[in-house]
There are 2 protein chains.
Amino acid sequence: MSESYKHKKVITIGTVSEITGLTERQIRYYEERKLIFPERSQRGTRKYSFHDIEQLMEIIEKIEEGVQTFEIRQEMLKKEKKRDERKIRDDMIRGQLNARFGIQQSP
Amino acid sequence: MSESYKHKKVITIGTVSEITGLTERQIRYYEERKLIFPERSQRGTRKYSFHDIEQLMEIIEKIEEGVQTFEIRQEMLKKEKKRDERKIRDDMIRGQLNARFGIQQSP
DNA sequence: CGTGTAAGGAATTCTGACACG
DNA sequence: CGTGTAAGGAATTCTGACACG
C-alpha cells in the first residue's frame, strides 16, 4: 500500500541513465546478466522502477569493488531464497495458529 | 522521507498518457492552463511525477463534470492558500511554545 | 568480462498553427 | 474552451555486431 510507487515500472532508460550516471549500454548489459528486470511498454521500450534504480546503485558499488556480474547475481538469488524460506515458515506458523485458535495475525 | 518517490519527476509524457488515458495534447494543454507543472529533462522533454498523475486523475473527473480548467485552477489555488495559512499558524504556535518553554514539538 | 561505438530503423517528443464549435 | 491534426525537426530507443583486453 505504502511504497506502491517504488515498484511501478514507469521510467525510461534515458532517465535512469541520468539518475544513476550509468550509460545505456551498461544498463542494458546488467539486464542481459539478469541483475535487473525492466518491463516493456507497448512500443517495446524498457521501463524501470525506483526499485530498479536502487538496485543499480548497489550494482555500481559491487562492480567498483571488482565483483563480477555473475557473483552479484548469485548473491541476489541467495537473498531471494532466504526471503522465500522465511515467508514459507511464517505463513506456516500463521496457518497453524489460525487452524488451532482462529486467531487473525497481523501480517 | 516516506513518499519521496511520489514527487520525483521522472515519467515521460508517453507513459503518463498510457496510465491516464489522456492524449498528449490534453496533458500539454493542462500544463498551459497551469494545472500541472512538469519539469524538463536536460534535452527538454517533460517529466512528470506520480503526484502529477494523481492530479491529472482528479482533473479528468472535474472536466467530465463540466468544470472549466480556469475554475479547477481557482480551486487548486484556494486549497494551496489554506494549506499555507495553516502552516503559518502552526509554525507560529510552535515558535511561541518554543520561545516560552523551550519545548521541541514534533512537526 | 564489461563497455564503447558506428549503423540503421522505428518510435517519441517538441513547438506553433489551423480547425471546430 | 478543449481537443484533434498535419508538419518538420531533433532526440530517444532498439537490436545485433565488431572491438579491446
Side-chain angles (χ1 to χ4, degrees), chain A residues 8-50 52-78, chain B residues 8-50 52-78:
Chain A
K8 279 232 163 185
K9 309 270 187 174
V10 294
I11 311 174
T12 57
I13 195 166
T15 306
V16 173
S17 174
E18 271 185 39
I19 294 173
T20 61
L22 294 167
T23 63
E24 299 182 7
R25 179 71 169 96
Q26 289 174 305
I27 298 168
R28 293 198 193 99
Y29 180 66
Y30 299 149
E31 176 184 358
E32 193 184 316
R33 302 315 312 273
K34 301 193 173 157
L35 299 181
I36 45 173
F37 306 93
E39 289 176 2
R40 295 293 178 123
S41 72
Q42 298 164 335
R43 311 97 172 197
T45 68
R46 275 167 261 250
K47 298 289 188 166
Y48 301 84
S49 65
F50 283 110
D52 290 328
I53 289 176
E54 291 176 7
Q55 207 68 34
L56 284 170
M57 301 296 209
E58 291 182 26
I59 292 169
I60 293 170
E61 287 181 22
K62 298 271 180 60
I63 294 279
E64 279 172 352
E65 289 170 21
V67 185
Q68 295 196 342
T69 54
F70 175 79
E71 303 172 88
I72 298 176
R73 179 157 157 71
Q74 294 301 308
E75 292 175 27
M76 284 177 49
L77 291 177
K78 228 176 269 175
Chain B
K8 279 234 161 183
K9 310 269 187 176
V10 293
I11 311 175
T12 57
I13 196 166
T15 306
V16 174
S17 174
E18 271 184 40
I19 295 174
T20 61
L22 294 167
T23 63
E24 298 183 10
R25 179 73 169 93
Q26 289 173 305
I27 297 168
R28 292 199 193 98
Y29 180 66
Y30 299 148
E31 176 184 359
E32 192 184 317
R33 302 314 313 275
K34 298 189 176 162
L35 300 181
I36 46 173
F37 306 93
E39 288 176 2
R40 295 293 179 123
S41 73
Q42 297 165 335
R43 310 97 172 197
T45 67
R46 276 169 260 249
K47 297 289 186 166
Y48 301 84
S49 65
F50 284 109
D52 291 327
I53 288 176
E54 291 176 6
Q55 209 64 38
L56 283 170
M57 301 297 209
E58 291 183 25
I59 292 170
I60 293 171
E61 288 182 20
K62 299 271 180 61
I63 294 278
E64 279 173 352
E65 290 170 20
V67 186
Q68 296 195 342
T69 55
F70 175 78
E71 304 172 87
I72 297 177
R73 179 157 157 70
Q74 295 301 306
E75 293 174 26
M76 284 177 49
L77 291 176
K78 229 175 267 173

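Residue numbers begin at 1 in each chain, while the letters A, B, ... track the order of the sequences. Only a predicted model underlies this, so the values are computations on that prediction, with no experimental measurement involved.
With rounding to whole Å, A/Gln26 atom CD is found 4 Å from C/dT3 atom P. The distance from atom CZ of B/Arg40 to atom P of C/dT13 is 12 Å, rounded to the nearest whole Å. Whole-Å rounding puts the A/Ile36 CD1 to C/dG2 C1' distance at 14 Å. Regarding B/Glu31, its CD atom lies at a distance of 15 Å from the P atom of D/dG2, rounded to whole Å. Across the protein-nucleic acid pair, B/Arg25 atom CZ and C/dC20 atom C1' stand 12 Å apart, rounded to whole Å. Spacing between atom CD1 of A/Ile27 and atom P of C/dG2 amounts to 16 Å, rounded to whole angstrom units. In this structure, NZ of A/Lys34 is placed 18 Å from C1' of C/dG2, rounded to the nearest angstrom. A/Glu18 has its CD atom 12 Å from the C1' atom of D/dA11, to the nearest Å.
Interatomic distance, CZ of A/Arg46 versus CD1 of A/Ile13, reported as 5.5 Å (0.5 Å rounding). Considering OG1 of A/Thr69 and OH of A/Tyr29, their distance stands at 4.5 Å, rounded to 0.5 Å.
Residue B/Tyr29 places at least one side-chain N or O closer than 4.0 Å to OP1 or OP2 of D/dG2. Checking the phosphate oxygens (OP1, OP2) of D/dG2, no side-chain nitrogen or oxygen of B/Tyr30 falls inside 4.0 Å. Applying the 4.0 Å criterion to OP1 and OP2 of C/dT12, one finds that B/Thr12 has every side-chain N and O outside that range. Distances shown here put a side-chain N or O of B/Arg33 below 4.0 Å from the OP1 or OP2 atom of D/dG2. Applying the 4.0 Å criterion to OP1 and OP2 of D/dT15, one finds that A/Arg46 has a side-chain N or O inside that range.
Set against C/dG2, D/dG2, C/dT13, the side chain of A/Thr69 has C/dG2 as its closest nucleotide.
Between A/Phe70 and A/Thr45, the residue whose closest nucleotide on DNA chain C is further toward the 5' end is A/Phe70. Looking at which nucleotide of DNA chain D each of B/Leu22 and B/Arg43 is closest to, the 5′-most match is held by B/Leu22.
Judged purely by atom type and a 3.5 angstrom limit, B/Lys62 has no side-chain atom pairing as donor or acceptor with the backbone of B/Glu71. Side-chain N or O atoms of A/Thr45 include none that pairs as donor or acceptor with a backbone N or O of A/Ser41 at under 3.5 Å.
D/dA10: Watson-Crick or G-U partner is C/dT12, with both key distances under 3.5 Å. Across all strands shown, D/dG2 forms a Watson-Crick or G-U wobble pair, both distances under 3.5 Å, with C/dC20.
With a 4.5 Å cut-off on side-chain heavy atoms, B/Ser49 and B/Lys8 do not count as touching.
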